[in-house]
Amino acid sequence: MAEERYGTWQRWSEERLRLRAIVEFLRHKTVPIHRYSFVYYFGGITLFLFLVQVITGILLLLYYRPSADAAYESVQFIMSKVRFGWLIRSIHSWSANLMVGWVFVHMFSTFFYRAYRRPREFTWVSGALMLFLTLAFAFTGYLLPWNKLAFFATKVGTEIAGDVPLVGKYVMLLLRGGEDVTEATLSRFFGIHVAILPALATVILGIHLALVQVHGMSRPISVRAEREISFYPDFLLRDLAVWILVLALLGTLATLYPWPLGEKADPLAPAPPGIKPEWYFLFMFQTLKLLPSKIFLFEGEMVGIMAFLVGGLVLLLVPFLDVWAQREQQNRWVTTLGILAVAYLVIMTILGLALPAM
Amino acid sequence: MRSQTFLRNSLRHSAALRALLRAILFFVLLIVGSPSPSVAQQESCVTCHQALEGRLAAPVKGMDADVHAKRGLSCSSCHGGDPKRIGMDAMDPRAGYLGTPKPSEVPAFCGRCHSDPAYMRRYNPRIRTDQVAEYRTSVHGQRLVRGDTKVATCTSCHGVHPVRAVSDPRSPVYATNIPTTCGRCHADPAYMKGYGIPTDQLAKYKRSIHGEALLQRGNRLAPACNGCHGNHGAVPPGVESVANVCSVCHSATRDLFVKSPHKVAFDRMGLPECSTCHGNHEVARPTDEMIGTGPEAFCTRCHEPGSKGLAAAQAMRASLEALKSRLAEAETLVAKAANAGVEMSDARLTLQEAQTRLIQARNVIHSFNPKQVEAVTTEGLKFAEKGVAAGKAGLAEVQFRRRGLSIALVILVGTAILLFLKAREIERQKM
């Protein structure tokens with residue numbers, strides 16, 4: 001009798017949702033096991049951190065107020081008066097930072113194993129777009145507590161955007177909502193952070209995940225799989241276990257090192273000495289600082305920003321530029337370029353952290 | 001007769017010689033000096049003095065920074081003469097040339113404009129025009145009248161060529177430069193010899209709380225020498241006016257003192273009010289040890305052991321110490337909780353209230369009334385108690401969070417291990 005009812009419900013839902021096809025697809029999808037299989041968890045970790053951001057972000061939205069008069073106080077309220085508000089806010093901040101870091105780790109592991117080669121070119125492109133979106137999420141979210149450091153870092157950041165040739169001034173005005181960083185910037189960043197970027201991320205992440213499922217996990221060139229396991233439930237169970245460990249890490253960080261709120265921003269006060277952007281933008285900041293004021297006939301900063309724009313474009317087009325990978329060949333120069341890029345990012349970030357800002 | 005003719009000829013020759021020399025000098029200066037056409041058109045004084053060296057060139061060198069020159073005044077505005085004439089002719093007394101004033105003439109020299117409200121209004125409607133009148137009432141001014149030319153006149157303090165605006169940080173009378181400017185004479189024992197006044201005021205002032213605020217922290221609201229002595233009318237404040245001088249800034253303290261029993265006693269004993277305990281040039285940062293019966297307490301200097309006065313002093317000190325110790329306890333607890341990541345801004349506001357009451361109580365000491373002091377410290381204690389409670393609650397929250405984390409970690413890590421084991425079991429079954 002019970003089986004009959006279950007069968008009826010299954011039939012009823014199958015007729016409407018067609019879930020069996022999805023389950024069958026996942027059951028038949030396999031994951032190759034070899035000595036580099038651990039990198040397959042990297043994408044999942046990034047996805048998990050993104051989901052944590054969505055959930056904690058929605059919870060923060062219940063109390064956050066995006067105005068110069070109330071933003072700081074509302075975050076203060078969340079941290080002191082709302083039950084577990086401190087935990088939600090700290091997890092949101094820690095998860096944001098871990099996510100930015102992990103997006104880079106995921107990207108470089110994908111790069112060095114040439115996972116972008118045919119037919120996964122658009123998986124890479126959508127992933128690269130997600131990297132840019134993640135940085136945009138971080139940049140806009142950083143200002144929202146309206147504290148002193150965030151205020152002045154946003155001033156510096158939007159000023160740098162203003163150095164983009166031809167359109168820089170308009171980009172800066174568009175970002176700031178005026179000539180200076182004001183309440184207009186705050187409400188603009190809020191809108192971008194909670195509406196525009198999530199909408200874009202939903203579409204691009206949807207495409208990225210769909211492509212990953214369709215094409216399956218890429219096996220690095222010249223690596224032979226020892227065996228294969230099914231994606232569902234074998235790999236998914238392991239993935240879930242890793243996610244739970246990441247959640248435990250987030251909880252530990254948020255409890256033992258709650259993200260500080262700092263002092264409220266005062267637009268009339270002078271900028272505190274040694275103002276720097278967050279660590280994930282330090283490589284750009286440090287590069288622009290080290291560039292001479294003039295390079296040939298052009299402003300040094302402008303040349304630097306152009307170089308970053310070109311770098312971003314190259315990153316987006318990696319699968320189409322690495323023609324060797326398309327022939328299942330691992331080109332030494334491409335690997336060297338990747339190592340140099342990692343070394344550049346790490347060294348510039350360390351220099352940015354160690355050297356005093358001018 | 002011959003001698004008269006000789007004298008007349010000599011004079012005629014010497015006049016002709018002087019005219020010739022002036023003409024030569026002018027042309028030589030024109031060639032050597034090569035002044036810019038605009039300057040040459042404006043001032044022959046500038047043209048000539050620019051090309052000279054040493055003492056004679058100094059007046060022109062500082063002109064760019066001179067407040068008068070910036071307002072469009074020229075050399076002749078002060079020194080007279082006719083700058084349209086060339087060479088020494090410009091300095092003709094018949095053209096109103098006044099030359100360099102003697103020290104005794106300086107106040108009147110400057111006062112021609114600075115004591116004329118109608119004239120000064122053209123440049124600054126808010127500027128004072130009573131400086132010279134005030135100067136005449138000062139010790140400097142009175143001694144100058146008596147023929148002492150060593151005393152300070154306008155240029156001694158304001159400088160000359162250039163005379164900088166008082167708001168110019170390079171001006172000798174800019175707030176932070178005043179102690180050094182006064183000290184140029186007053187801290188020089190050789191210069192001050194014969195006046196019979198000490199020369200350690202500058203050194204003492206630098207050690208004082210006022211000197212620290214002005215010279216080390218750059219707080220231009222802190223008094224320099226002129227803050228107490230006046231500037232143009234500088235005189236040492238007498239016993240009867242010391243308190244009035246201090247109360248310009250410390251008015252609330254003065255109000256309390258005037259109503260206290262000390263006012264009558266100090267008047268009777270002929271003691272200056274504030275400086276009796278706090279000193280004058282070397283006003284030290286007041287400490288709580290100044291009140292009470294301890295070795296650093298000032299009260300014991302006049303009050304006998306066992307007297308009512310000392311009992312009151314002891315009671316006031318006890319009130320302060322009670323508030324201080326509770327406040328310190330609250331601050332430690334709140335800081336501990338904040339360092340552990342608990343949001344403690346509300347508690348910090350409460351502690352600020354307690355701190356404000358402590359400052360108020362220190363001021364109310366000047367009423368020398370233990371009950372008045374206790375009323376303020378009791379209020380402060382209420383805030384300190386709230387701070388202690390908030391700090392304890394914060395630390396309890398830290399413990400709650402850590403316990404919660406431990407439980408959550410056991411559950412999460414346990415679940416992760418179980419999931420791994422399950423995945424492995426499923427794999428093993430398939431193999």
- Looking only at side chains, do B:Arg220 and B:Tyr174 share a donor and an acceptor under 3.5 Å apart? yes
Applying a strict 4.5 Å limit to non-hydrogen atoms, the region of A:Tyr257 in contact with chain B is neither
I'd like to know if B:Lys382 pairs up with B:Glu385 as an ion pair, taking the criterion as any Lys NZ or Arg NE/NH1/NH2 lying under 4.0 Å from an Asp or Glu carboxylate oxygen. no
Comparing A:Leu261, A:Thr255, A:Leu87, A:Leu247 against chain B, the one with the most heavy-atom pairs below 4.5 Å turns out to be A:Thr255
Among A:Pro233, A:Ser230, A:Ala248, the residue with the most heavy-atom pairs under 4.5 Å to chain B is A:Ala248
Checklist entry - Are A:Trp259 and A:Asn97 linked by a side-chain donor-acceptor pair shorter than 3.5 Å? => result no
message = Can you classify the ring geometry of A:Phe84 versus B:Phe400 as parallel (below 30°), tilted (30 to 60°) or perpendicular (above 60°)?
response = tilted
Cut-off 4.5 Å, heavy atoms of chain A, and the answer for B:Ala340 is backbone
Would B:His210 and B:Tyr205 satisfy side-chain contact (heavy atoms from CB on, under 4.5 Å), going step by step from the backbone distance to the final call? CA-CA 7 Å; B:His210 295 141; B:Tyr205 174 80; 3.8 Å; yes
Bottom line for A:Leu240: the part with an atom under 4.5 Å from chain B's heavy atoms is both
For residues B:Thr377 and B:Glu379, is any side-chain donor paired with an opposing acceptor at under 3.5 Å?
-> no
From the list B:Ser406, B:Gly404, B:Gly341, the residue making the most non-hydrogen contacts under 4.5 Å with chain A is B:Gly341
Looking only at A:Pro258, A:Gly251, A:Ala254, most heavy-atom pairs under 4.5 Å shared with chain B are made by A:Pro258
